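These notes are about the structure you will find just below.
Side chains are part of it too, since the values below use all heavy atoms of this structure and drop only hydrogens, waters and symmetry mates. The model shown is predicted, which means the values in this text are computed figures rather than measured ones.
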Amino acid sequence: MIRSARVRALFALAVIAVSVYIAVTVPVRLGLDLRGGTQIVLETRSTPATKADRAATDRTLEVLRGRVDALGVAEPTLVRSGANRIIVELPGVQDPKQAADVLGRTAQLTFHPVLGPAGDGKAGDAKAGDAKAGDAKAGDAKAGDAKAGELVLPDESGQRLRLAAQAMTGKEVKGADARFDQETGAGWHVTVDFDRAGRTQWAKLTSEAACRPVGDPTRRVAIVLDERIISSPQVAPSVACGTGIADGSTQITGSFDDREARELALLINGGALPVPVETVEQHTVGPTLGAQAITASAWAAAIGTALTALFIIVVYRLMGALAAVALLAYGLISYAALAALGATLTLPGLAGFVLAIGMAVDANVLVFERAREEHAARHRPTGRSALTAGFRNAFSAIADSNITTLIAALLLFFLASGPVRGFGVTLGIGVVASMVSALVITRVLADFAVSRRWVHRRPRLTGLATTGRVRDALARRDPRPMRRPRRWLAASAVVLALAGAGIAVRGLDLGVEFTGGRLMEYDTARAVDPERARTALAEAGHPRAVVQSSGESGLTVRTQALTDARADEITRTVDSLGGGTRKVRDELIGPSMGDELRRNALIALAVALGAQLLYLAARFRWLFGTAAVSALAHDVVILVGVFAWLGKPLDGVFLAALLTVIGYSVNDSVVVFDRIRELVRRDRKAPLAEVTDRAIVQTLPRTVNTGMGALLILASLAVLGGDSLTDFALALLIGIVVGTYSSVFTAAPIAVELHARGRGRPRRARPNRRAAART
């Protein structure tokens, strides 16, 4: 035990030391709402083969979104403006010119058989090594050199080659990766893998080339990007004629450095643009939130965190104080992880990060409540033994609840894109940091504290020697909520019907991210403070207008769809502030969360829920997994319905709150079901309704104390955080209240009713040999 305690202590010190180093040396990337960024306006161009209409522009936008994600830019904004323009806003981009070059590349990748050299001349002024990823240009070869059905392009050395016009395209490419050849020291190259159809075509292409003599120019295969040969390797002598390369992979070599190789892999992975694009504007934009709103949100977060820490200290005394220290360590670890991964921190992300601090207290509360139970039963009369038993008994609930959340986070990261993917990163970091904080740092501090003699002589000081007010009140009343489970289900059905009526009657007020809107840009005679403009527009009846500075003296206003009369109101308001105002742009913009992004998010969410259901079914039983997912759906419908009745917008901020509520709801249900599973082990013949009653009563202190920790932070954000966080905090307040209710009075009754209908019994766990030995 002493050795394991030392290992935990050393691990905790190492994690904290690394986190401090990263937090001090690596700045965290701030989002567009907190810091602003670079705005690039692209315009699609028609070609003889394709027309740059609205549909082609939308397809181009989705390809660009993939490229932006590959650039490592989190939380970007991409919207269609008018019929053939795309506005890209990138937070924290170090090299805007490089980003504009990559975004503007057409990236048409093709593979051609080499028919032979095109005469003895060289192609213009092409030099060896010019065919790098960032240098590709079209038209380097003269059209007159090519015969019918042929292309003439310069290779890497500048020699012109005749290529077959019919070629294999990049549509059959499955993926590309930039790699450094450490064994031969040949430098950077790009490995390209083909899909099933591409493997067949690549084998055919290389099998024909392999029939040529070694060293013959026609034994080469030219890899062309945007009408320029970037590599033309010879087929290896080991490849047999008529067989070809059947493994479905090839390498693009050249004088690449790491940036060029990664850029080329990025372009190949992102795919070709349906139509060419041209950069027409590029300038900096200010944050969408003012300094006053950011300051108010920071104060709200600090006050909420302090209130949560104070609440935990009042309830659990010394253990609560140590848990508060561990929560600070949790915040440090999470911040360092965000900085190390290059994640972008936005205001909703910051608020969610602060809320996660409140929710991270859940694991500590679970441990302390189990320790209180052990101490009250006199099985563990000392503080140290009670604490050890508390950590052991709470581990399964902590592990199951966090694993279900981690499953959702991983699937959101791998299957979704854009802000939903970013949320998956933040959620995953929070889960891992919470486990380290509660199971390692809190335990190291608590073990050290309860080992002191002065603490041992004062057991009530630890906060573990008392049962707590909630548990005492429950003991006096002996409630049995599952005596009539159908009453609770009927109450939930009524609430669901009311929420559904709100959706049907009032409809959903989707935000600009989902529906698009109107973008107006102004050039003012004198600089206008965006904060003043936001206030003035709110007073003029446009509280949701997003205002940013643009360039040196410009101002952009983004709103939902407006009539011309309402747009004129905005123009007059801006003119009253800036004087001599000129409207530079007035265009309809598409949604930043387009059809593909929404579809990917819904697919990721559905798969995540299915994976959670499978995990819960494996760990508990199908009826418990079904009950937990049903309660989760209940919470989602109610939250959406309440926002519909209130006329609140369902925007990107609401989406972040909804995803947080989903994770919270599952955690609550898992804690109750974990206690049911434990009680079934002890008494296998007891009716499930009776076992569920005992489980609810025993876990209710944890539910109340965890909920209070989260509610204190949310109340601070709602009251003190300003308009920018009011809807976010309100959504989370509603979601947490409903989620707490549903875990007890929806999920549990569903499980009892399913069991009563003979649809399953709790999984029979293996007997605890240690417990059996003690008895």
Side-chain angles (χ1 to χ4, degrees), residues 31-43 77-83 85-91 280-297 346-347 509-513 515-592 649 651-653 722-727:
L32 289 165
D33 55 352
L34 299 178
R35 185 182 177 186
T38 296
Q39 183 184 88
I40 301 171
V41 181
L42 304 172
E43 187 170 270
T77 298
L78 290 89
V79 297
R80 176 178 47 77
S81 176
R85 283 195 172 189
I86 298 172
I87 298 176
V88 183
E89 292 184 346
L90 308 173
V280 294
E281 292 181 30
Q282 179 178 326
H283 52 260
T284 59
V285 291
T288 59
L289 296 176
Q292 184 177 351
I294 296 173
T295 302
S297 301
T346 61
L347 190 60
D509 182 10
L510 298 178
V512 177
E513 292 95 330
T515 63
R518 194 162 180 171
L519 175 68
M520 290 165 283
E521 183 174 351
Y522 301 94
D523 189 8
T524 57
R526 56 178 179 270
V528 178
D529 182 10
E531 186 67 34
R532 286 186 59 203
R534 293 185 192 98
T535 303
L537 289 173
E539 294 173 352
H542 301 276
R544 298 184 195 173
V546 177
V547 182
Q548 292 174 271
S549 61
S550 178
E552 296 182 0
S553 61
L555 202 69
T556 61
V557 180
R558 191 176 307 175
T559 69
Q560 70 273 22
L562 294 176
T563 62
D564 290 339
R566 295 279 286 166
D568 289 340
E569 292 178 358
I570 293 178
T571 301
R572 288 194 296 271
T573 303
V574 174
D575 183 64
S576 66
L577 298 173
T581 300
R582 181 174 63 91
K583 183 183 289 188
V584 179
R585 182 189 306 165
D586 186 355
E587 297 174 339
L588 297 177
I589 58 173
S592 58
D651 50 16
V653 173
D723 295 338
S724 56
L725 283 180
T726 299
D727 289 350

How long is the straight-line distance from OG1 of Thr571 back to CZ of Arg566, given to the nearest 0.5 Å? 12.5 Å
Determine, step by step, whether Arg585 and Leu519 satisfy the side-chain contact (heavy atoms from CB on, under 4.5 Å) criterion, reporting the C-alpha distance in whole Å, the side-chain angles of both residues, the deciding distance to 0.1 Å, and the verdict. CA-CA 7 Å; Arg585 182 189 306 165; Leu519 175 68; 3.7 Å; yes
I need the minimum non-hydrogen distance between Ala533 and Val528, along with the two atoms involved. CB-CG1, 4.2 Å
Test side chain to side chain contact (heavy atoms under 4.5 Å, CB included) applied to Asp586 - qualifying residues, sequence neighbours left out: Arg518, Met520, Lys583
Gap between atom CG of Asp575 and atom CD1 of Ile570 - 0.5 Å precision: 13.5 Å
With sequence neighbours excluded, residues passing side chain to side chain contact (heavy atoms under 4.5 Å, CB included) with Thr573: Ala536, Leu537, Ala540
Among all residues two or more places apart in sequence or in another chain, which pass the side chain to side chain contact (heavy atoms under 4.5 Å, CB included) test with Ala561? none
Could you list the residues that satisfy side chain to side chain contact (heavy atoms under 4.5 Å, CB included) with Thr38, not counting sequence neighbours? Ile40, Pro96, Gln282
Could you work out, with salt bridge (charged side-chain N to carboxylate O under 4.0 Å, His left out) as the rule, every residue matching Arg85, not counting sequence neighbours? Glu43, Glu281
Polar side-chain atom of Ser549 near backbone of Gly286 as donor-acceptor pair, under 3.5 Å: yes
Rounded distance [0.5 Å steps], CD in Gln39 versus OG in Ser550: 5.5 Å
Got a sec, which residues hit salt bridge (charged side-chain N to carboxylate O under 4.0 Å, His left out) with Arg582, two or more places apart in sequence or on another chain? Asp523
Give me the atom names and distance for the closest heavy-atom approach of Val547 to Arg534. O-NH2, 2.9 Å
Measure from the side-chain N and O atoms of Arg526 to the backbone N and O of Leu577, and report whether any donor-acceptor pair falls under 3.5 Å. yes
If I compare all heavy atoms of Thr581 with all of Thr524, which pair ends up nearest, and what's the gap? OG1-CG2, 3.8 Å
Output, in order, the C-alpha distance, side-chain angles, deciding distance and verdict of salt bridge (Lys or Arg N to Asp or Glu O under 4.0 Å) for Arg544 and Asp509. CA-CA 12 Å; Arg544 298 184 195 173; Asp509 182 10; 2.8 Å; yes
Write down the atom of Gln548, the atom of Pro287, and the distance for their closest heavy-atom approach. CG-O, 4.1 Å
In terms of heavy-atom contacts, Thr559 and Ala545 come closest through CG2-CB, 3.9 Å
